[in-house]
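Step one of this worksheet: look at the structure below.
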Amino acid sequence: MCGIVGYIGQEQATPVLINALKKLEYRGYDSAGIAVLDSGYITVRKAKGRLRVLEEKIATEVIRGNLGIGHTRWATHGEPSDINSHPQTDVSGKIAVVHNGIIENYSKLKTWLENNGILFRSETDTEVIAHLINFNYNGDLLAAVIETIKKLEGSYAIGVICENEPDRIIAVRKDNPLIVGKGDGENLIASDVPALLEYTRNVYYLDDMEIAVLYKDRVDFFDEYGTKHGKDFSRVDWDISSAEKGGYEHFMLKEIHEQPKALANTLRARIKTYASKAINLDEIGFNSGWAKAERVVITACGTAWHAGVVGKYIFEYFAGIPTDVDIASEYRYRNPILNPDNIFIIISQSGETADTLAAMRMAKKAGAKIIAVTNVVGSTLAREADLVMYTWAGPEIAVASTKAFTTQLMCLYLIAFQFGLLRGEITGDRLEKLILALENLSGQAEKILSDEASVQRFAARQFNKTKVFFMGRLFDYAISLESALKLKEISYTHSEAFAAGELKHGPIALVDNDTLAVAFCTQSELFDKMDSSIKQVKARGATVLVITYEDEDRFNSIADEIFRIPRTYDELTPVLSVIPCQLFAYYCAVQRGHDPDKPRNLAKSVTVE
């Protein structure tokens, strides 16, 4: 959520800031602004609405200066408005601040500052930061920032500029992502890599409570106490075209179509061929100690949690180990029972999800072994976990996750298969067959995408349904959860998911002629049960879409429409059955006139609670 950028160098800052902010629009926002320092004065311009509103506002101005900060805001404190937009300044306007996150003790700090004669103009918690820095400023901006963060409770990524120190930008982070781009005679800050790629591929990933001071020709790093230290940069090696639409109308559609390649990339480096095929997970380092594990705990949020629900079935079925899956925002506030014999798997696309990170830190204190499944190299999750398995999905720009989800599933299958082999639940011969099935998924996903037009036609007929219910059993239930989320995220259609056996325990009361029921039928042993559920909703007027195998004909007479997937092991179908539902959600959003890349009120990386 939100986006921070900052620039110091030889170029004019304004066009750099605007261009960098455009690369962060996918993060979700409701207002935008910039602050540029030139000739001893800070010029602030900001506007409610999309970035183009700000561009139009400054189109006739010449805002010069080689140093500046910018921001796209997602409202937390105070409604979206010009006044509440960032940057926020102190009373004098000499200090400007951009901030992502939430200052939890802002009300207390605001009262204290008001008692000291400070007049507030906005409703934001960010304005507290600007006034505190000014209050602590005695000619040394770094010292003022250090003194200020001692008083802040909550999460933040902050960029600061000051009229009295026109040669630097100061940046600091706590529980919110912030990176520094190392250029040639210029340096930048940003919330995410795409904002920097036009200017540099050398980046520093800031640690929690680490402070960066950017000059044109260097970057200095300090800890929270002001002690200077060295830091190595990382090289971003993915192509900038990966963060562009590449001829597709939206990023989401592009990323749906990238899934065959992403699945192959996630799998390729982890399969070794000796006398027979085998899994190589050196990054996790399986050993005999894993066989003694008593339980697997999977924790995540949103789409990643749905991957975890699939993971529960995977680990219990293939590895024969009890598995719990928890929503991280719930897990962190109850009294979970953990011990060092538990394997704790954390899943997060961005590696910066606030609730997920908090859950991980709880588990670490309990002594559990932490495995992170994430897509972002250098993310907080990747740095703090004991072991990391990257999905290698490539950058995902659309807010609604697609290829990150299916590659997370691929990682969970690999871990579970290897775990099952170690525990004696899977034989070598069976493992080789399962690996071959995993290798086939990429081509099978491509085949599903080749029939995209039929999904588009069905969406054109059904996009105005007022209620959409997704139902299935076992693995199909897990994918029902994710499919319902996709549809509600981007088309704003009321959709929900339930285990098909629960139909009679409440949901059936809502079924009528305005209902679309999506029935997943890929668990062969439960086809009779699904047949019964489908007939029950049909009898009450629902339109029924069935998702089943391409060679399965038993549902032909009762379904209004069938989306077909290639035959594979029933337990591997989640990777395939979710794809037509992703396409359906996308085309429903387009039919309704919504931008599927930037759904209202949502953000790509949820870095606040």
Side-chain angles (χ1 to χ4, degrees), residues 177 179 192-194 196-197 201 203-205 207 232-240 242-243 255 258-272 279-286 290 296 298-308 310-311 314-315 328 343-353 356-357 359-360 364 369-398 401-419 435 438-439 441-442 445 575 604-605 607:
I179 57 178
D192 203 356
V193 170
L196 303 178
L197 285 181
R201 292 181 173 274
V203 301
Y204 300 97
Y205 295 98
D207 294 319
D232 295 328
F233 64 81
S234 301
R235 180 81 178 170
V236 178
D237 56 9
W238 44 271
D239 196 284
I240 192 170
S242 299
E255 289 157 9
E258 286 175 340
Q259 287 177 112
K261 180 181 178 182
L263 289 166
N265 289 342
T266 300
L267 185 64
R268 185 179 297 113
R270 286 145 179 159
I271 301 301
K272 302 296 180 184
I279 296 172
N280 182 354
L281 295 182
D282 289 343
E283 61 221 286
I284 291 180
F286 273 97
W290 284 68
V296 172
I298 303 174
T299 301
C301 296
T303 285
W305 176 67
H306 297 155
V310 177
I314 291 171
F315 279 94
I343 302 224
F344 200 89
I345 299 177
I346 293 279
I347 309 173
S348 170
Q349 185 279 139
S350 67
E352 302 290 353
T353 311
T356 305
L357 292 173
M360 176 191 67
K364 288 194 81 169
K369 182 189 292 292
I370 309 295
I371 302 172
V373 176
T374 185
N375 191 39
V376 181
V377 177
S379 62
T380 301
L381 181 62
R383 295 198 303 272
E384 293 189 15
D386 299 312
L387 304 163
V388 184
M389 189 171 185
Y390 289 111
T391 56
W392 303 126
E396 189 179 67
I397 305 301
S401 187
T402 52
K403 64 178 180 174
F405 175 73
T406 49
T407 53
Q408 286 166 358
L409 295 183
M410 182 66 83
C411 288
L412 292 172
Y413 282 116
L414 289 169
I415 297 171
F417 290 174
Q418 190 70 2
F419 204 5
I435 291 172
L438 288 182
E439 291 178 322
L441 288 176
S442 177
V575 175
K604 183 64 177 171
S605 178
T607 55

Does a side-chain heavy-atom distance below 4.5 Å link [X] with [Y]?
X    : Y    : answer
I271 : I279 : yes
E255 : I397 : yes
C411 : T266 : yes
Y205 : V193 : yes
L412 : V310 : no
V376 : Q349 : yes

Partner of M410 by side chain to side chain contact (heavy atoms under 4.5 Å, CB included), out of N265, I415, L441, T391: L441
Qualifying residue for side-chain hydrogen bond (donor to acceptor under 3.5 Å, both in side chains) with K403, from E258, Q408, Q259: E258
Nearest atoms (heavy-atom pairs only) where [X] meets [Y]:
X    : Y    : answer
I314 : A416 : CG2-CB, 3.1 Å
I370 : A385 : CG2-CB, 3.8 Å
V296 : I345 : CG1-CD1, 4.0 Å
Y390 : N375 : CD2-C, 4.5 Å
V373 : L381 : O-CD2, 4.5 Å
A264 : S442 : CB-OG, 3.9 Å

To the nearest 0.5 Å, tell me how far [X] [atom1] sits from [Y] [atom2].
X    : Y    : atom1 : atom2 : result
I347 : H306 : CD1   : NE2   : 11.5 Å
I371 : I343 : CD1   : CD1   : 5.5 Å
T299 : W305 : OG1   : CH2   : 11.5 Å
L281 : F417 : CG    : CZ    : 11.5 Å
T407 : L267 : OG1   : CG    : 11.5 Å
D192 : L197 : CG    : CG    : 9.0 Å

Over 12 non-hydrogen atoms of neighbours within 6.0 angstrom of NZ in K364: yes
E352 (side chain) donor-acceptor with S379 (main chain) under 3.5 angstrom: no
Partner residues of D386 under the salt bridge (charged side-chain N to carboxylate O under 4.0 Å, His left out) criterion, sequence neighbours left out: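 In terms of salt bridge (charged side-chain N to carboxylate O under 4.0 Å, His left out), with neighbours along the sequence ignored, D386 is linked to no residue.
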Stepwise side chain to side chain donor-acceptor pair (under 3.5 Å) test for S401 and E396: CA-CA 7 Å; S401 187; E396 189 179 67; 2.8 Å; yes
Q418 and I284: CA distance, side-chain angles, deciding distance, side chain to side chain contact (heavy atoms under 4.5 Å, CB included) verdict: CA-CA 11 Å; Q418 190 70 2; I284 291 180; over 6 Å; no
Verdict with reasoning, W392 to V377, per side chain to side chain contact (heavy atoms under 4.5 Å, CB included): CA-CA 9 Å; W392 303 126; V377 177; 4.0 Å; yes
T356 versus S348, side-chain donor and acceptor atoms under 3.5 Å: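 Per modelled atom types, S348 and T356 side chains form no pair under 3.5 Å.
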